[in-house]
Each structure stands twice: as structure tokens, then as C-alpha cells.
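Reviewing the structure listed below.
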Amino acid sequence: MGRYSDAFAQARDDREGFWLTAAEGVDWVVPPTRALDDTAAPIYRWFPDSTLNTSYNALDRHVEAGNGDRTALIWDSAMIGETRTYTYAQLLEQVSRFAGVLSANGVGAGDRVVIYMPMIPEAAIAMLACARIGAVHSVVFGGFAAPELATRIDDAEPVAIVTASGGLEPGRTVEYLPMVARAVELAASKPATVIVQDRPEIGGSATDHDGWLDWDAAMADVAPAAPTPVAATDPLYILYTSGTTGKPKGVVRDNGGHAVALTWSMANIYGIEPGDVWWTASDVGWVVGHSYIVYGPLLVGATSVMYEGKPVGTPDAGAFWRVIADHRVNALFTAPTAIRAIRKADPEATELAKYDTSSLRTLFAAGERLDPDTFEWSSGVLGVPVVDHWWQTETGWAIAANLRGLEPMPLKAGSPTVPVPGYQVGVVDAEGTLLAAGEEGNIVIELPLPPGTLAGLWRDEERFRKSYLSAFDGYYLTGDSGYVDADGYVFVLGRSDDVINVAGHRLSTGSIEAVVASHPAVAECAVIGIHDDLKGQRPSGYVVLKSGADIDPDILRDELVALVRNEIGAVATFRDVTVVPALPKTRSGKILRKTMRQIADHEEYTVPSTIEDPDVLSELARQLGG
Ligand code: COA
Ligand code: AMP
């Protein structure tokens with residue numbers, strides 16, 4: 001048996017032994033004597049009798065081991081052409097002081113802190129500072145607008161918000177403070193404190209707002225905070241992700257399982273060792289940023305590169321290769337959309353030839369399926385393994401991967417390879433019957449999920465059970481469909497619900513629909529995800545006007561695009577609006593979204609037998625040229 005099959009079998013058959021051994025990679029205050037608590041199954045807890053501090057594991061222990069001078073974080077901003085480096089000792093000092101600022105402002109263990117920040121080091125410092133004092137952070141991606149921020153504030157009820165004067169996007173600045181002010185105004189739950197990192201490039205500062213604090217001033221003479229031991233089962237963070245309804249789901253991550261799983265993953269999945277340079281080109285607002293910009297690399301004493309910029313246009317399609325060369329990056333993790341964007345701008349990879357990228361050992365991709373074409377192109381130009389791996393906000397780390405550190409396996413285009421030890425992946429039909437190799441169906445994971453996966457949804461156990469645990473008894477429902485081939489390779493083909501994936505970001509068509517439907521001229525609407533060559537999918541809206549509504553379609557489109565941008569945010573990338581006479585529905589009134597998507601993507605479709613009026617579908621097909 002190979003190392004992979006040994007590990008897989010042990011994680012399945014000797015769960016306690018496997019995970020207690022993995023737990024030795026973490027420094028505990030009270031070490032675990034048990035791995036799994038299954039007394040409340042199907043809700044599980046990991047390392048129930050232990051305590052630790054996550055920020056101690058990410059920082060202090062490396063300094064105490066004599067590695068304080070090793071580089072922890074390299075911030076590289078292509079937006080302002082600046083680089084800033086923190087050693088482990090320097091990052092520890094900043095984190096301890098900011099933890100002191102939070103404590104001095106009434107934030108205690110278990111309190112929530114919303115972090116709404118661009119890609120600057122202070123975002124990571126704020127996250128680690130929360131972890132240090134046992135507070136629970138909830139990072140909100142900067143591309144979300146005020147109402148989305150307000151929804152998250154109301155759900156998490158934070159004591160404090162940590163923000164910056166703004167973010168930098170190509171050709172424009174994004175001022176955060178007016179959005180934070182509006183979100184606080186909209187939210188019923190009012191945080192006691194707002195702390196602002198002032199960026200000289202962007203207008204607005206804490207002094208413009210009553211009672212808000214300036215980061216630097218607050219840090220000036222504060223007492224640093226020591227790490228507070230917390231239970232392994234205590235929450236480390238809440239991260240909101242799109243569900244099928246407009247209300248985002250607050251995925252809760254614990255401290256102990258998270259530290260164990262990420263530590264194990266850095267060595268076994270990514271093959272990263274202390275001192276290696278690791279770069280995740282994502283954003284701290286997404287789960288990929290939480291796990292692999294901040295926690296994963298620091299837990300194992302590697303160097304993490306944090307990049308503010310884009311793959312193209314900042315200034316060109318050589319941006320990623322420049323960062324690899326400048327910082328001698330050993331492994332890069334990004335989304336396939338970024339690779340497609342580089343390829344589109346520079347199909348012959350002429351920019352790549354300008355840089356010495358010989359330090360790069362592996363390119364990891366996730367967030368959406370790595371399509372075979374992009375896999376072939378990137379493998380060809382880079383000459384290193386390009387490794388797809390599949391995971392979700394809920395799992396926090398990979399469900400299926402090619403385990404480069406444990407036992408590299410042959411890569412198959414279009415597949416994220418095999419289930420990671422700890423995950424028993426199956427494929428079931430609509431009735432819950434397990435399907436044979438090669439048969440497509442709902443991808444499920446046998447319970448319990450391994451450490452590091454979601455402990456639940458914030459204060460909503462009912463939704464947790466309903467969304468993930470009740471569809472098929474004994475299984476976690478991933479929401480993805482696909483199959484497992486005869487060699488045990490997993491193929492993930494897409495979502496089986498109304499969640500869409502745009503540029504590796506997850507969006508709910510339901511929440512976009514709710515905004516579109518609020519326009520006074522709109523009687524009803526459907527938003528579906530259609531194929532997009534660059535971003536994988538993009539949202540496309542179909543609206544039926546109220547009778548008597550007299551509005552120019554171009555004006556309506558502009559108004560709807562602006563509405564979605566203001567209510568959800570630029571990240572929704574909502575630009576397509578088609579006015580249709582009616583929406584195709586079943587006799588029970590359900591909109592035939594799948595058939596609409598097939599028509600819009602010019603795929604073959606069959607007219608469902610449950611259709612209310614076939615003429616509506618024919619008219620749509622005629623209008624869309626399908
Ligand atoms: N704050 C504010 N606005 C943001 C933002 C942020 N943090 N991130 C993106 N936006 C805005 C963009 O400026 C853009 O606005 P615009 O409509 O005014 O142009 C809009 O949101 C859409 O952004 P994006 O989807 O990033 O598209 P783009 O056209 O600006 O860039 C790519 C295209 C391919 C370069 C970009 O999508 C990309 O880098 N993708 C990689 C995705 C990724 O890393 N995913 C992480 C998951 S692992
Ligand atoms: P998010 O929670 O935003 O990370 O989105 C998770 C979803 O993105 C998954 O449920 C999949 O639909 C999709 N996804 C992520 N990684 C992959 C991958 N490697 N292959 C296919 N789909 C993926």
C-alpha cells in the first residue's frame with residue numbers, strides 16, 4: 001500500500017489514532033486525550049477536552065523556538081508599488097499590541113469582531129489579534145456593499161468593527177468609511193467601536209466620524225495582550241457564504257480542529273515546510289484567504305505572501321510571474337479564472353520569459369473547476385505540476401486533492417484527484433442510493449467530517465441541519481454534483497443548487513433576484529448563472545415588466561445594474577438584463593431555471609413534462625437564439 005492509501009485507511013478505521021497523531025503538530029495548553037466527541041451526532045466536536053491558542057501557534061511558538069527572524073509575511077502591493085516584510089517577531093509584536101487595543105476597547109473572549117478590510121497586512125494582524133484574545137472574527141469581503149455588510153453585522157452582533165479607509169481597484173479607489181457608516185446605520189445591532197487603518201492613498205479617516213478610533217493612535221501606547229487559552233471547540237471565526245436564499249450562512253470554525261487540519265494540510269497536501277515561501281493569490285475575505293493566506297502558512301512557520309493586485313492589468317499579465325521571481329515563491333495557490341485572465345492577455349506567455357520563476361515547484365488551483373484547457377496551458381507554460389483541489393467555505397480545507405507532500409499521484413485533467421484522508425466521499429442519486437463508479441449524482445461526505453470543517457452555522461442549528469445534514473441520513477450534502485471514476489478520482493461538475501460560481505466567488509442567484517425584483521418596473525424575474533469564458537459563470541437576469549410599465553430597456557438595465565451594485569456590491573458582476581414577456585414555469589409555479597440556463601448556453605434541452613405553457617419556452621428560445 002502507498003502512503004496515501006495507508007493514511008486514508010487509518011483516518012477511516014482508526015480515527016482517534018490518526019487525528020491524535022496529527023494533533024501533535026499543534027502546541028496545546030491542555031493536550032487532547034480524545035479526538036472526536038460524537039455524543040451529539042450528527043453534530044460532532046473535535047478535541048473536546050483540550051485547550052490552546054491559535055495565534056500562539058501561528059506566532060509565539062516560532063519565536064520561542066528561535067525563529068523570530070524568519071520572514072512571516074511579505075506584503076506586495078502592485079497597486080502602489082510597495083513591499084513590506086514582517087518577521088515572526090515583528091508580526092507577533094503587532095498582533096499582541098492590536099490584541100491589546102481590542103481588549104482595551106471592551107472586546108473579550110467569545111465577542112465578535114467584524115473585519116472589513118482590503119488586502120493589507122493589518123487585515124491579517126486584526127484576525128490574529130482576535131484569535132489571541134479568544135474573540136471571534138468575521139471578515140467581510142471588501143467587494144460587498146453596505147447592505148450586505150449590515151446583514152452580517154446583524155447576524156454576528158459584533159462589539160467592534162475593524163476597517164481601513166479603503167481599497168484600491170484598477171482605475172479607482174473604493175472608500176470604505178461611507179459604507180461602514182451606512183452599514184452601521186442600517187444594522188439594528190450597533191458595534192461599540194470602529195477602528196480605522198488610515199491609508200494615505202484613500203480619503204476619509206477615523207476623525208471624520210464620532211467616536212471612531214485611528215489604528216495607529218490606538219496602537220501608540222497600548223499594553224500588548226498575552227494569548228488567552230480557549231477550548232479547542234470554541235469558535236475562531238464566522239465566515240458568511242452565499243446560500244440558496246438571500247440570507248448568507250455564517251459558517252463557524254473552531255480553534256482546535258482548524259489548527260490541526262491546516263497544519264496537517266500544509267505538509268501533506270501542499271508539501272510546504274518551515275521557511276518555504278508560499279503565496280495564495282486570493283483575498284482575506286474568502287475562505288481560501290483565511291486558511292491559506294493567514295492561518296495555514298503561519299501555523300507551520302512558512303513565509304506567506306499577501307498580494308494586493310490583480311493577475312492582469314497591474315500593470316500587465318506578468319504580475320504573478322514578477323511576484324514569484326521577487327520573493328522566490330515555492331508554491332502558488334490561485335483560482336483558475338486568474339490563470340484564464342493571464343492566458344487571455346498573454347496567450348504565448350511572453351511575460352513569463354522575462355522572470356526567473358525557477359523557485360516555483362507547484363501551482364495549486366481551487367475555487368472552481370480547473371478546466372482541462374486551462375490545466376494543459378498552465379502546465380505547459382510553467383513546466384511544474386498544476387494541481388486542482390476541491391473544497392468549500394464549509395469544509396475550510398480540501399475535500400479532494402493530489403497530496404503533493406504525502407504521495408504525489410498522476411494528475412488527470414478535469415479532476416481534483418482523490419478524497420483527502422478523513423473525507424469519505426460518495427455519490428448518491430435523488431433517493432440517496434450510492435452510485436457506482438462513473439455515475440453522476442449528488443456528491444456527499446460520510447459523517448463525521450474531519451477536523452477543521454464547519455462546527456455549524458452561527459446561532460442557527462436548524463438551518464445547519466436542514467442545509468447539510470437532513471437530505472441524506474448519515475451524510476453531509478456538499479451541494480456539488482459529479483462522479484468518482486474507476487480509479488477513485490473525483491470529478492466535480494457543478495452545483496446542484498441555485499448557487500453560482502463567478503471568478504471563483506460564490507454568489508446566490510436568490511439574493512440578486514431579490515434586488516432586481518425590488519425595482520418598481522419589475523413584475524417578476526429570474527437570475528441564472530450562464531457560461532462565461534473568463535469567469536466560469538456570470539449572473540444573467542430575465543425580467544418581466546409590470547403591465548403598463550413604460551421604460552426603455554437600456555435605462556432599465558442600467559438601473560438594475562446600479563441597484564445590484566449598491567445593494568450587493570461590485571463583486572456580483574451583474575451586467576446582463578433581458579426583458580422577456582413571461583418566465584417559463586412548471587404547473588406548480590416553479591421557474592424552470594435549469595432549462596433557461598440550457599437555452600441561454602445554447603445546450604440541448606428537453607421540454608419538461610411539468611411545464612405550464614410550452615409557448616413561453618419556445619418564445620424564450622427564439623429570443624435567445626437557442
Ligand atoms: N473591493 C471592492 N471592489 C472589488 C473588490 C474588492 N476587494 N474585488 C473586486 N471588486 C470589483 C472590481 O473592481 C470589479 O468592479 P468593476 O465592475 O467596477 O470593474 C468587480 O468587483 C468585479 O470584480 P472581478 O470579478 O474581480 O472582475 P475584474 O474584471 O475586476 O477582474 C479577474 C477579472 C479575472 C482579474 C479577477 O476576477 C480575478 O483576479 N479573479 C481571480 C479570482 C480569485 O482570486 N478568487 C479567489 C477565490 S479562491
Ligand atoms: P466557496 O465556498 O466560495 O469556496 O465555493 C465552494 C464551491 O466552489 C464548491 O461547492 C464548488 O462548487 C466550487 N469549487 C471549489 N473548488 C472547486 C474545484 N476544485 N473544482 C470544482 N468546483 C470547485
Side-chain angles (χ1 to χ4, degrees), residues 79 116-119 123 140-145 166-176 179 239-243 249 251 280-293 307-314 317 319-320 333-345 364-371 375 387-396 398-401 414-417 443 454 477-482 490-497 499-508 529 532 534-538 561 564-565 568-575:
M79 306 308 296
Y116 183 63
M117 292 194 109
M119 284 289 283
V140 179
F141 177 63
F144 283 120
L168 299 164
E169 286 295 297
R172 72 189 168 102
T173 55
V174 183
E175 289 189 17
Y176 281 23
M179 279 191 281
L239 180 58
Y240 289 90
T241 187
S242 302
K249 294 169 171 168
V251 168
T280 298
S282 178
D283 190 287
V284 286
W286 308 117
V287 68
V288 172
H290 281 60
S291 295
Y292 295 114
I293 295 174
Y307 173 69
E308 184 185 44
K310 303 274 173 179
V312 293
T314 59
F320 274 23
F333 176 173
T334 191
T337 296
I339 309 171
R340 286 195 297 269
I342 295 171
R343 180 186 182 182
K344 192 172 164 214
F364 292 95
E368 58 183 306
R369 178 168 178 256
L370 176 63
D371 58 285
F375 167 72
V387 180
D388 187 12
H389 59 322
W390 166 57
W391 50 299
Q392 317 180 306
T393 304
E394 289 85 344
T395 65
I399 308 164
S415 168
T417 318
I443 313 184
L454 79 170
L477 181 72
T478 65
D480 283 318
S481 64
V490 178
F491 286 76
V492 183
L493 302 175
R495 296 287 303 188
S496 47
D497 54 19
V499 166
I500 62 171
N501 193 310
V502 181
H505 310 143
R506 192 158 138 184
L507 295 173
S508 146
D532 184 274
L534 177 64
K535 298 187 178 183
Q537 283 186 306
R538 68 171 188 275
V561 167
V564 172
R565 202 180 166 93
I568 297 179
V571 69
T573 47
F574 181 73
R575 296 195 180 102

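None of the values given here were measured: they were computed from a predicted structure. We count ligands from 1, going down the list as the structure has it; atoms in each ligand are counted the same way. One is the number of the first residue; the rest follow in order along the sequence.
- Nearest protein neighbour of atom 12 (O) of ligand 2, counting heavy atoms only, is Asp480 OD1, 2.5 Å.
- Between Gly367 and ligand 2, a contact under 3.5 Å exists for at least one N or O pair.
- Among all protein heavy atoms, the one lying closest to atom 18 (C) of ligand 2 is Glu368 O, 3.3 Å.
- Interface atoms of ligand 1 facing Ala341, defined by a heavy-atom separation under 4.0 Å, are 34 (C).
- Taking 4.0 Å as the cut-off, Pro416 does not count as a neighbour of ligand 2 on heavy-atom distance.
- Near Ser282, meaning under 4.0 Å from one of its heavy atoms, ligand 1 places the atoms 46 (C), 47 (C), 48 (S).
- Counting the atoms of ligand 1 from 1 in the order shown, those under 4.0 Å from a heavy atom of Ala503 are 37 (O), 42 (C), 43 (C), 45 (N).
- Looking at Arg506, Arg172, Glu169, it is Arg172 that brings a heavy atom closest to atom 15 (O) of ligand 1.
- Shortest contact from atom 6 (C) of ligand 2 to any protein heavy atom: Trp391 O, 3.6 Å.
- Within 4.0 Å of atom 36 (C) of ligand 1, not a single protein heavy atom is present.
- For atom 31 (O) of ligand 1, the nearest protein heavy atom lies 4.0 Å or farther away.
- Residue-level proximity to ligand 1 for Met179 is absent, since no heavy atom of it falls below 4.0 angstrom.
- No part of Arg340 comes within 4.0 Å of ligand 1, judged by heavy-atom distances.
- An N or O contact shorter than 3.5 Å is missing between Trp286 and ligand 1 by distance.
- Between Tyr307 and Lys310 the shortest heavy-atom distance is OH-O, 2.8 Å.
- Ring orientation note: the planes of Trp391 and His389 are tilted relative to one another, at an angle of 30° to 60°.
- Heavy atoms of Gly167 stay at 4.0 angstrom or farther from ligand 1.
- Contact annotation: the side chain of Trp390 never approaches that of Ser415 to less than 4.5 Å [non-hydrogen atoms, C-beta and beyond].
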